[in-house]
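Inspection log for the structure reproduced underneath, given as structure tokens.
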2 protein chains.
Amino acid sequence: MATQHTPQDQEPAGRQRTRRSPAPHERQRDAERTKARILDAAVEVFSAKGFDRARVTDIAERAGVNQQLISYYFNSKEGLYREIGRRWRAYEAETMPDDLDFAEQIKHGVRASVDPRLGGRLLAWDGLYDTGEDDEEARERNAQFQHEVQVLRERQRAGEIDDRFDPAALILIGLSAGNALAVYPHLARGLFDTDTVSPELVEHYAEQLAQVISSLSAVAPPRVPDSHK
Amino acid sequence: MATQHTPQDQEPAGRQRTRRSPAPHERQRDAERTKARILDAAVEVFSAKGFDRARVTDIAERAGVNQQLISYYFNSKEGLYREIGRRWRAYEAETMPDDLDFAEQIKHGVRASVDPRLGGRLLAWDGLYDTGEDDEEARERNAQFQHEVQVLRERQRAGEIDDRFDPAALILIGLSAGNALAVYPHLARGLFDTDTVSPELVEHYAEQLAQVISSLSAVAPPRVPDSHK
DNA sequence: GAGTTAATCAAATCTCAGTTTGATTATTCT
DNA sequence: AGAATAATCAAACTGAGATTTGATTAACTC
């Protein structure tokens, strides 16, 4: 149990960061600043290495702070990881561009997936580590995805995409394929015969995937499932 | 360094397992048998938990053997992991059904991905853990995927799939989407609003994905990439 | 059937990495 | 200014878990 007086959920939602006096704009100690630095470093490291291989020392170094501050501000490595998840979900929820068409959204997804600062790989790590338990995070995520399903369903009604497809399936397909360069970089290198996943490759792949998705609007005759052969 | 006389690459390719005398068909000690048991257990555990979270004790327990035998037969946890990779690649190479059409192959992939004995998730673990180095395993894998690309290209020529698509991209899309239920079970539960990835869900998803792929044969007008808007 | 080798096991060891402890200042409050 | 509190750090602690060590005995050879 932490004997040191940890802070824990400060800043009651809507208040100014600079707590009381503005103070020399170059403080050497600033809780918010260091927390932010730790979080930024953590996203990159967790995303790149996954929870288990991520080293607390590594995160601290990149953040330029003492390792102990991670325990101090986030209780533990796991606490830090959860915090990242929370922030990411909030970020996603508010920045998801609703005006683009499905194919275009997925292109965005491909680009985002390979940005180390955005941690698109975290989704895959979480899925692989998943144990099936139904905690708060899970409910939050479910609500979010249920919403996505609704949005896509409306678009199907509007004719943007053939409505014989199950929207949930389409989202899963788009999302997983969109993440592919980030999740399977080794396969990508082999398939595209290159020794690195370059920005050009990212664009090319995004374009191809978008095209696949687009081809679902003017869809082919939906072959009767099963029953033949 | 192992001071105990470890075996290492025995059985020179094409020889009978029962080394010399058939012996009582119920031996209590049998190297091949225990190795096989360890490998089977290892696939399940590594696939489910990933390398880092897999516990050597756990594998040994499932295999019903003493933990130390893992070091004895495979040198280390990592040695065991590599061995699994080798075997899996060999297995894939020889059992890939070439007669099915692309969509049907992918359906197979979906089913295989959720079978814990087949370890489809290993591909995702490997990708996430990937460091970009070009070792023997990588070359082996690359060759295999290059071959897949060729096969698909021929099928495109044969008209099975629109040849304006990049075969490498299509394979990556099919493979990543095919693995989605195994890699993102948490999202799947949220999207399909269920609390478990049931066999019915697997079939449903496989069907949907196959349909998406099928719709690429009679493809929509390939909108000119970029340049507009 | 005696001796050698291979297979197996239980317990000791060792290392890595996250967390705690116990100072040491910067900041802020009065 | 002086006291109180918050932020920071370096070093010690600890636990988990893979690997080693050192027996023990089944199986095979001659």
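Chain letters run A, B, ... following the sequence lines, proteins first, then strands; residues in each count from 1. These numbers were taken from a predicted model, which means no experiment stands behind them.
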When rounded to whole Å, the CG to C1' distance for the pair B:D52 and C:dG18 reads 15 Å
Rounded to whole Å, CZ of B:F74 lies from C1' of D:dT20 at a distance of 19 Å
Do the side-chain N or O atoms of B:Y72 get closer than 4.0 angstrom to the phosphate oxygens (OP1, OP2) of C:dC9?
no
Taking donor-acceptor contacts at under 3.5 Å, does the side chain of B:R29 reach the base of D:dT25?
yes
To the nearest angstrom, the CZ-P distance between B:R37 and C:dA7 comes to 15 Å
Separation of C:dG18 atom P from A:K49 atom NZ, nearest Å, is 11 Å
Residue pair A:D166, B:H204: steps toward the side chain to side chain donor-acceptor pair (under 3.5 Å) verdict:
CA-CA 9 Å; A:D166 175 350; B:H204 169 66; 2.6 Å; yes
In short, side-chain hydrogen bond (donor to acceptor under 3.5 Å, both in side chains) pairs touching residues 142-152 of chain B with sequence neighbours left out are none
In A:R53, A:R189, A:K49, the residue satisfying salt bridge (Lys or Arg N to Asp or Glu O under 4.0 Å) with B:D130 is A:R189
Taken to the nearest whole Å, CD1/B:I70 to P/C:dC9 is 11 Å
From the candidates D:dA27, C:dT21, C:dA26, the one with an atom nearest any side-chain atom of A:Q68 is C:dT21
* Below 4.0 Å: OP1/OP2 of C:dA10 and any side-chain N or O of B:N66 -> yes
Output a table of nitrogen or oxygen pairs between the protein and nucleotides 13-17 of chain C separated by less than 3.5 Å.
{"from": "C:dA17", "atom 1": "OP1", "to": "A:R55", "atom 2": "NE", "distance (Å)": "2.9"}
{"from": "C:dA17", "atom 1": "OP1", "to": "A:R55", "atom 2": "NH2", "distance (Å)": "3.2"}
{"from": "C:dA17", "atom 1": "O5'", "to": "A:R55", "atom 2": "NE", "distance (Å)": "3.2"}

Quick note, ring-ring contact (aromatic ring centres under 6.0 Å, His included) partners involving residues 84-105 of chain A, not counting sequence neighbours, are none
| For A:S71 and C:dG18, is the shortest distance between a side-chain N/O and OP1 or OP2 below 4.0 Å? | no
Correct closest heavy-atom pair for A:E32 and A:D30 would be N-OD1, 3.0 Å
Result for side chain to side chain contact (heavy atoms under 4.5 Å, CB included) between A:V45 and one of A:R62, A:E61, A:R55 points to A:R62
Separation of C:dT8 atom C1' from B:E61 atom CD, nearest Å, is 16 Å
Whole-Å distance, B:L69 CG to D:dA18 P, equals 15 Å
Rounded to whole Å, the CZ-P distance (B:R33 to D:dA26) equals 14 Å
ask   = So, B:Y72 versus B:N66: side-chain donor-acceptor pair below 3.5 Å or not?
value = no
